[in-house]
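Shown next, in structure tokens, is the structure this report addresses.
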Amino acid sequence: MNNWKKLLLSLISTSLILPMVSISAATQQPTDGNSLVPVREIAEKNGAVVSWQQETGQITIRKNELTIVVKVGEKQAIVNGQIAPLDNPVRLTKGVALVDGLFLTEVLKEAPEDMFISLVSMGNGKEAAQYVQHSVSQVLSPTLLSQLWTSLEGQFGKITSQPLAKHIENNTVHYNVTYTFKTALTNLDITVRMNHTGLVDDLHITAAVPDVYQKPSYDDPSSYTEQKITIGDGELALPGTLTLPKGDGPFPVIILVHGSGPNNQDSAIGGAKPFRDLAVGLASQGIAVLRYDKVTYEHTYKVASQPKFTLKQESVDHVTEAVQILKKNTHIDSTGIFVAGHSQGGFALPLIIAEDKQHDIAGGILLAAPSSSFVDVLTEQQDELVKRVKQVGLDTENFKVQADFYKKVAALVKDPKYSVDHLPESFPLQPAYWWFEQKDYVPSELAKTQNTPMLIIQGENDVQVSMKQFQNWKSALQGHSNVIYKSYPKVNHILSSYDGISIGQEYIQPSNVSKDIIDDIAKWVLN
């Protein structure tokens, strides 16, 4: 394979074009087995924009994320800043710029993700499915893909035919292409997750939110390095980041476990990235941190297609895999592996410890973690929200309706006639199996039977997990001398200090994890 072709396979696959006077394909000149073709004609047929500097002979072609620069007389192209050798130098004949035809054809090919999203937007699921990895063809089926656009418009209103923006980001698992579309209600981000063979492996769809995050004052980039890492293998492997303090180590390490919802490795929400804050803050104090994209975020549709998806699969299994990876890392102290679970991640921490058959976990950190059953926490959370909304002077009507909905869900889960073997015919939150397989799980009761050291941290201004849950931990574990409790008067659920009454609306503003929390975690781990 030609050198330039090898390079192109690693570059952004997007359309582009080249400038010059249009000329008929009949003027193509065979050279060394590779025909030269007119730059402008071929480029413009593929929808690119061409600019030409006559005095320098430089030709620039732009389309979407791709920029190509060639120069008359030179035997190379610059593709997105990287050199791509050409078989023949660029020529100028009778005012027409000519370039290697094979090179231009390869570069101008429509990106498969562009073709896929275009077909989905037209409701042509049958053709769109041709771009889908075979192993997920039952998940991203022709039927689903045919109905997807209409379904999205039913939720968000009419969607514009052309995206406002296209953003590309690689990780160790996927080549991710995010298209931002304008809808009647909001901007919508549709991420097409491509595997490394160039086929669609999954999708992630969410309302577009401006990134207003601001780095905390305790973020000192000179104190740490970051390494890309993959947790697990196979179809549900997860991309992650290991943040290491500067130095040789070995260092103690904390594995971060997400709360509920499809969270990325920063656990980003609104203007906050609490997992990123924890990683950089703790690394500056000599503690390594491993964070990774949650399985429901990186493999959204694959997970949603599993009717018997469990809390263990969501929040436990990848921690077990992460522990094994860290044990083999020479920069990590294998006797100092800790796990910190936020919200649902803390709720699952006793399950994580129960899976630690070799006792590799040196301690657990509970960050705003529920101690009661999931549905009890859910109903308590809704009552607390209604109370706080009233306190800040807002209309509570919609919040009361929401609270009633979740109370009915809780009643169904608690109904003794229903179980994983006998699910309700109609359950409003799917997958129903996820809710019923843990109906009898109470994390504080399981933690009573365990002896792993724990640090339990709670914000007193938390609307989602109340101080009642914190007190439940104290009551349940009162006989455990290796458990430390810390609460913070102004701290909300995303671990930042907030002066007002937290009802969650403040999450959209830039905020950072409280430095007091980072200091207390570091002190507990290192002592």
Side-chain angles (χ1 to χ4, degrees), residues 12-14 63-66 111-123 125 128 131-133 136 139-140 144-195 199-214 238-241 258-276 291-305 494 504 507-510:
I12 298 171
S13 173
T14 353
K63 184 175 182 182
N64 297 328
E65 303 289 330
L66 188 61
E113 63 270 17
D114 290 343
M115 291 294 293
F116 173 80
I117 201 71
S118 177
L119 290 165
V120 169
S121 70
M122 293 186 291
Y131 293 87
V132 173
Q133 167 73 15
V136 295
V139 177
L140 299 177
L144 182 146
L145 296 175
S146 294
Q147 298 170 352
L148 181 59
W149 211 256
T150 301
S151 175
L152 291 174
E153 291 192 325
Q155 298 176 61
F156 299 98
K158 186 68 177 176
I159 304 174
T160 55
S161 58
Q162 295 297 320
L164 300 172
K166 176 183 175 182
H167 175 71
I168 295 170
E169 185 176 60
N170 277 311
N171 60 39
T172 60
V173 174
H174 287 127
Y175 170 80
N176 300 284
V177 185
T178 299
Y179 302 86
T180 301
F181 289 91
K182 183 176 178 59
T183 77
L185 297 179
T186 185
N187 288 345
L188 191 66
D189 281 344
I190 302 177
T191 299
V192 181
R193 302 205 189 282
M194 310 288 288
N195 65 19
L199 293 172
V200 178
D201 187 57
D202 215 309
L203 300 172
H204 183 71
I205 302 172
T206 186
V209 178
D211 187 355
V212 297
Y213 170 77
Q214 297 173 6
L238 299 177
T241 301
H258 312 80
S260 58
N263 301 301
N264 66 13
Q265 62 184 272
D266 293 333
S267 202
I269 178 171
K273 295 182 179 180
F275 277 17
R276 184 191 182 278
R291 66 194 197 273
Y292 48 86
D293 291 335
K294 195 174 177 183
V295 68
T296 50
Y297 174 82
E298 193 69 22
H299 302 283
T300 309
Y301 277 72
K302 289 201 286 289
V303 166
S305 70
I494 56 175
Y507 298 173
I508 64 173
Q509 303 299 326

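Both backbone and side-chain heavy atoms feed into the values below; hydrogens, waters and symmetry mates do not. Treat the numbers as computed from the prediction; the structure is a model and nothing was measured.
The CD1 atom of Ile117 sits 7.0 Å away from atom CG of Leu203, with the distance rounded to the nearest 0.5 Å. To the nearest 0.5 Å, the span separating CD on Glu298 from CG on Asn176 amounts to 5.5 Å. In this structure, CG on Leu238 lies 5.0 Å from NE2 on His299, to the nearest 0.5 angstrom. Rounding to the nearest 0.5 Å gives a distance of 10.0 Å between CD of Glu153 and CG of Leu148.
Judged by distance alone, the side chain of Lys166 and the main-chain N or O of Val177 form no donor-acceptor pair under 3.5 Å. Judged purely by atom type and a 3.5 angstrom limit, His174 has no side-chain atom pairing as donor or acceptor with the backbone of Val192. No donor-acceptor pair closer than 3.5 Å links the side chain of Gln133 to the backbone N or O of Leu199. Between the side chain of Lys294 and the backbone N or O of Gly259, at least one donor-acceptor pair lies under 3.5 Å. With Tyr179 contributing its side chain and Asp114 its backbone, the two residues share a donor-acceptor pair below 3.5 Å. With Thr186 contributing its side chain and Ala207 its backbone, the two residues share no donor-acceptor pair below 3.5 Å. One N or O on the side chain of Asp202 and one on the backbone of Tyr301 form a donor-acceptor pair closer than 3.5 Å.
Each of Leu152, Thr206, Thr178 was compared with Ile190 under the side chain to side chain contact (heavy atoms under 4.5 Å, CB included) criterion, and only Leu152 meets it. Val200 pairs in a side chain to side chain contact (heavy atoms under 4.5 Å, CB included) with only one of the listed residues (Leu145, Leu140, Asn195), which is Leu140.
In terms of the salt bridge (Lys or Arg N to Asp or Glu O under 4.0 Å) criterion, residue partners of Asp266 (sequence neighbours excluded) are, by chain and number, Arg291. For Asn187, the side chain to side chain contact (heavy atoms under 4.5 Å, CB included) test picks out Leu164, Thr180, Lys182, Ala208, with sequence neighbours left out. The salt bridge (Lys or Arg N to Asp or Glu O under 4.0 Å) search around Asp293 returns none, not counting sequence neighbours.
Closest of all the heavy-atom pairs between Val212 and Gly271 is CG2-CA, 3.6 Å. Across every non-hydrogen atom of Gly157 and Thr183, the tightest pair is O-CB, 4.2 Å. Here the closest non-hydrogen pair linking Lys273 and Ala268 is CG-CB, 4.0 Å. Shortest non-hydrogen contact noted between Asp201 and Lys302 is OD2-NZ, 2.8 Å. For the residue pair Val132 and Val136, the shortest heavy atom distance occurs at CG1-CG2, 3.6 Å. The two atoms that bring Ser267 and Phe275 nearest to each other are CB-CG, 3.6 Å, heavy atoms only.
Ring-plane geometry between Phe181 and Trp149 is classed as perpendicular, the angle between the planes exceeding 60 degrees on a 0 to 90 degree scale with a lower cut at 30.
Taking 4.5 Å as the limit, every side-chain heavy atom of Tyr297 sits out of range of all side-chain heavy atoms of His258.
Arg193 forms no cation-pi arrangement with Phe116, by the criterion of a distance under 6.0 Å to the ring centre and an angle within 45° of the ring axis.
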